[in-house]
A.B. asks: 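Take a look at the following structure, please.
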Amino acid sequence: MVQNPPVPAHWKGFQPQPGDALLIVDMQADFMPGGALAVPEADRLIKPISRMAKNFATVIATRDWHPDDHCSFTAEGGQWPVHARAGSPGAAFAPGLVLPPRTLIWSKGSEKTAEAYSVFQDENGQASGFADKLADYAPKRLFICGVALEYCVQACALDALKAGAKAGYKVCLFPQLCGSLHPPALPLARLERAGVVLYRV
């Protein structure tokens with residue numbers, strides 16, 4: 001079984017600073033245990049992410065929002081089972097996840113011919129417009145959490161580094177608030193080498 005970092009019971013007084021933004025990646029029902037593309041123990045993240053989100057002035061939540069014939073599905077030649085079909089129960093946010101009313105919801109993977117692990121662009125390099133939208137909030141630090149670490153979380157973080165270099169914000173990751181399909185050490189090391197600040201609390 002994948003051993004993800006333990007979720008701390010308390011956050012040792014962590015409080016976001018002015019200019020901090022939180023990006024919650026793909027905390028959807030299909031990625032929870034029992035879902036179509038389950039990330040082990042991802043449900044353990046629901047409560048702490050909900051608690052963390054309420055403390056941030058800027059919160060963005062991404063979601064896979066696929067058409068029925070999306071290219072990532074095995075029936076279409078992709079590598080994943082059918083998941084997160086737009087409007088389906090599996091595409092809904094995980095039961096129990098509490099997002100502040102001010103949360104910006106950003107859908108990705110809506111074009112059937114393009115995989116989109118990152119919220120910033122699809123795998124064909126087509127920009128989504130998210131970088132410009134995020135810049136409107138003028139963040140100083142972007143904190144990232146969610147699933148799956150080695151896929152969508154990693155892709156978002158690496159693209160955020162590029163966007164942040166231009167827009168002037170740092171990219172941070174909460175390892176304890178990320179779930180992965182495989183052991184997390186390698187993607188965490190890659191992200192840290194790239195310049196992402198691993199914010200262990």
A.B. asks: Check whether Val98 and Phe93 end up in the same hydrophobic cluster, where Ile, Leu, Val, Met, Phe, Trp and Tyr are linked by side-chain heavy atoms less than 4.5 Å apart.
C.D. replies: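 Different clusters: Val98 never reaches Phe93 through Ile, Leu, Val, Met, Phe, Trp or Tyr contacts under 4.5 Å.
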A.B. asks: Verify, without hydrogens or angle tests, whether Arg102 (side chain) and Ala57 (backbone) share a donor-acceptor contact under 3.5 angstrom.
C.D. replies: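 Indeed, once roles are kept as given, a pair shorter than 3.5 Å links the two residues.
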A.B. asks: Do the non-hydrogen side-chain atoms of His182 and Tyr151 ever get within less than 4.5 Å of each other?
C.D. replies: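 Counting from C-beta outward, His182 and Tyr151 do come under 4.5 Å.
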A.B. asks: Mark yes or no for whether Ser110, through its side chain, and Trp65, through its backbone, hold a donor-acceptor pair below 3.5 Å.
C.D. replies: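 Between the backbone of Trp65 and the side chain of Ser110 there is a qualifying donor-acceptor contact (under 3.5 Å).
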A.B. asks: Report yes or no: does Gln17 contribute a side-chain atom to a donor-acceptor pair with the main-chain N or O of Gln15 at less than 3.5 Å?
C.D. replies: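 The answer is yes, because a donor-acceptor pair under 3.5 Å joins these two groups.
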A.B. asks: Could you tell me whether the side chain of Ser72 and the main chain of Gly78 form a donor-acceptor pair under 3.5 Å?
C.D. replies: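 No, because the side chain of Ser72 does not come within donor-acceptor range (under 3.5 Å) of the backbone of Gly78.
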A.B. asks: Measure the spacing between OG1 of Thr58 and CG of Leu23 and express it to the nearest 0.5 Å.
C.D. replies: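 Taking OG1 in Thr58 and CG in Leu23, the distance rounds to 11.5 Å.
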A.B. asks: Within the 4.5 Å heavy-atom criterion, are Leu149 and Leu191 side-chain neighbours or not?
C.D. replies: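 They are in contact (side-chain heavy atoms under 4.5 Å apart), so the answer is yes.
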A.B. asks: Hey, what's the ring geometry for Phe143 with Phe174, parallel, tilted or perpendicular (30° and 60° as the breaks)?
C.D. replies: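 Rings of Phe143 and Phe174: parallel, under 30°.
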A.B. asks: Got Val153 and Leu173 here, is their nearest side-chain heavy-atom distance under 4.5 Å?
C.D. replies: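 Sidechains of Leu173 and Val153: in contact.
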A.B. asks: I need the minimum non-hydrogen distance between Thr74 and Pro81, along with the two atoms involved.
C.D. replies: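 Minimum heavy-atom separation between Thr74 and Pro81: CG2-N, 4.2 Å.
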A.B. asks: Sub-3.5 Å donor-acceptor pair from the side chain of Gln28 to the main-chain atoms of Ala84, do we have one?
C.D. replies: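 No, Gln28 side chain to Ala84 backbone: no donor-acceptor pair under 3.5 Å.
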A.B. asks: Taking the side chain as every heavy atom from C-beta outward, state whether Leu177 and Pro48 have any pair of such atoms under 4.5 Å apart.
C.D. replies: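 Yes; the side chains approach each other to less than 4.5 Å.
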A.B. asks: CZ/Arg193 to CZ/Arg190 distance, rounded to the nearest 0.5 angstrom?
C.D. replies: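 Going from the CZ atom of Arg193 to the CZ atom of Arg190 covers 8.5 Å.
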A.B. asks: Using 30° and 60° as the class limits, which term best fits the ring planes of His83 and Phe31: parallel, tilted or perpendicular?
C.D. replies: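 Geometry flag for Phe31 against His83: tilted rings.
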A.B. asks: Mind checking whether Leu104 and Tyr137 have side chains closer than 4.5 Å, heavy atoms only?
C.D. replies: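 When only atoms from C-beta onward are counted, Tyr137 and Leu104 do touch, with a gap below 4.5 Å.
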A.B. asks: Where do Pro183 and Ser180 come nearest, in terms of heavy atoms and distance?
C.D. replies: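 For Pro183 and Ser180, the tightest heavy-atom pair comes out as C-OG, 4.4 Å.
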A.B. asks: Please indicate whether Leu186 has more than 12 foreign heavy atoms, meaning atoms of other residues, nucleotides or ligands, lying under 6.0 Å from its CG.
C.D. replies: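 At most 12 heavy atoms, drawn from other residues, nucleotides or ligands, come within 6.0 Å of this atom.
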A.B. asks: Group every Ile, Leu, Val, Met, Phe, Trp and Tyr by side-chain heavy-atom contacts under 4.5 Å, then state whether Ile105 and Tyr117 land in the same group.
C.D. replies: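 Shared cluster, yes.
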A.B. asks: Please tell me if the side chains of Phe130 and Asp159 come closer than 4.5 Å, counting only heavy atoms from C-beta onward.
C.D. replies: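 A side-chain contact under 4.5 Å is absent here.
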A.B. asks: For the OH atom of Tyr199 and the SG atom of Cys145, what is their distance to the nearest 0.5 Å?
C.D. replies: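 Atom-to-atom, Tyr199:OH and Cys145:SG are 14.0 Å apart.
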A.B. asks: Go through the steps for His66 and Glu115 under the test side-chain contact (heavy atoms from CB on, under 4.5 Å), then give the verdict.
C.D. replies: CA-CA 9 Å; His66 296 317; Glu115 177 63 282; 4.3 Å; yes
A.B. asks: Quick check: is Leu37 connected to Val39 through a chain of hydrophobic side chains (ILVMFWY, heavy atoms under 4.5 Å apart)?
C.D. replies: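 In one cluster: yes.
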A.B. asks: Just wondering, do Val196 and Leu161 contact through their side chains at under 4.5 Å, heavy atoms?
C.D. replies: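 When only atoms from C-beta onward are counted, Val196 and Leu161 do touch, with a gap below 4.5 Å.
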A.B. asks: Closest heavy-atom contact between Cys156 and Val25?
C.D. replies: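 Between these two residues, the closest heavy atoms are SG-CG2, 4.2 Å.
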A.B. asks: Might you confirm whether atom CD of Gln126 has over 12 heavy atoms from other residues, nucleotides or ligands at distances under 6.0 Å?
C.D. replies: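 No, because the 6.0 Å sphere around CD of Gln126 holds 12 heavy atoms or fewer from other groups.
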A.B. asks: Testing the basics here: between Cys178 and Leu45, what is the closest heavy-atom pair and its distance to 0.1 Å?
C.D. replies: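 Reported closest heavy-atom pair: C-CD1, 3.8 Å.
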A.B. asks: To the closest 0.5 Å, what do you measure between CG (Asp30) and CE (Met32)?
C.D. replies: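 Reported to 0.5 Å precision, the distance equals 9.5 Å.
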A.B. asks: About how many Å separate OG of Ser50 and CD1 of Ile24, when rounded to the nearest 0.5 Å?
C.D. replies: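 Rounded to the nearest 0.5 Å, the CD1-OG separation comes to 7.5 Å.
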A.B. asks: Measure up the His70 and Phe73 rings against each other and bin them: parallel (under 30°), tilted (30 to 60°), perpendicular (over 60°).
C.D. replies: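 Ring orientation of His70 relative to Phe73: perpendicular.
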A.B. asks: Hey, could you give me the CG/OG distance between Leu158 and Ser118, rounded to the nearest 0.5 Å?
C.D. replies: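 Result: 8.5 Å between the selected atoms.
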A.B. asks: Is there side-chain contact between Ser128 and Trp106, with at least one heavy-atom pair below 4.5 Å?
C.D. replies: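 The answer is yes; the side chains approach within 4.5 Å.
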A.B. asks: Looking at Lys108 and Asp64, does any basic side-chain N land under 4.0 Å from a carboxylate oxygen?
C.D. replies: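 Yes, charged N to carboxylate O under 4.0 Å.
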A.B. asks: Step through the shown structure and confirm whether more than 12 heavy atoms of other residues, nucleotides or ligands are within 6.0 Å of CD on Glu76.
C.D. replies: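 More than 12 within 6.0 Å, yes.
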